[in-house]
Amino acid sequence: MLFTYSCSGGIDAALFQKIVASAALDAHVDATIIEHLSQGSDHPVSLHFPEGTYLKGLVCVKG
């Protein structure tokens with residue numbers, strides 16, 4: 001299992017997923033996302049500042 005995270009407000013969830021997919025491709029690993037993770041509800045995101053969704057995480061498995 002791989003748990004990987006980005007805590008950058010400048011990288012949205014779609015870009016983060018593409019980065020992880022590219023890394024898996026480079027490593028010749030067939031990976032599957034089994035869970036998407038994010039910051040807790042005690043860190044709400046303003047509609048006027050979507051970059052506040054700073055924490056993105058993926059749980060991946062081989063195969």
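Just so you know, these numbers come straight off a predicted model, no measurement behind them. Residue numbers start at 1 and run along the sequence shown.
Here the OG1 atom belonging to T32 is positioned 12.0 Å from the NZ atom belonging to K62, to the nearest 0.5 angstrom.
You'll find the side chain of Q17 stays beyond 4.5 Å of the side chain of K56, heavy atoms only.
Under a 4.5 Å side-chain heavy-atom criterion applied to ILVMFWY residues, the cluster that includes Y5 comprises M1, F3, I34, L37, Y54, L55, V59, V61 as well. Residues I11, L15, I19, V20, I33, L58 make up the rest of the hydrophobic cluster containing F16, defined by ILVMFWY side-chain heavy atoms closer than 4.5 Å, directly or through other members.
Between the Q39 side chain and the G52 main chain, a donor and an acceptor come within less than 3.5 Å of each other.
Residues that satisfy the side chain to side chain contact (heavy atoms under 4.5 Å, CB included) test with S38, not counting sequence neighbours, are absent from this structure.
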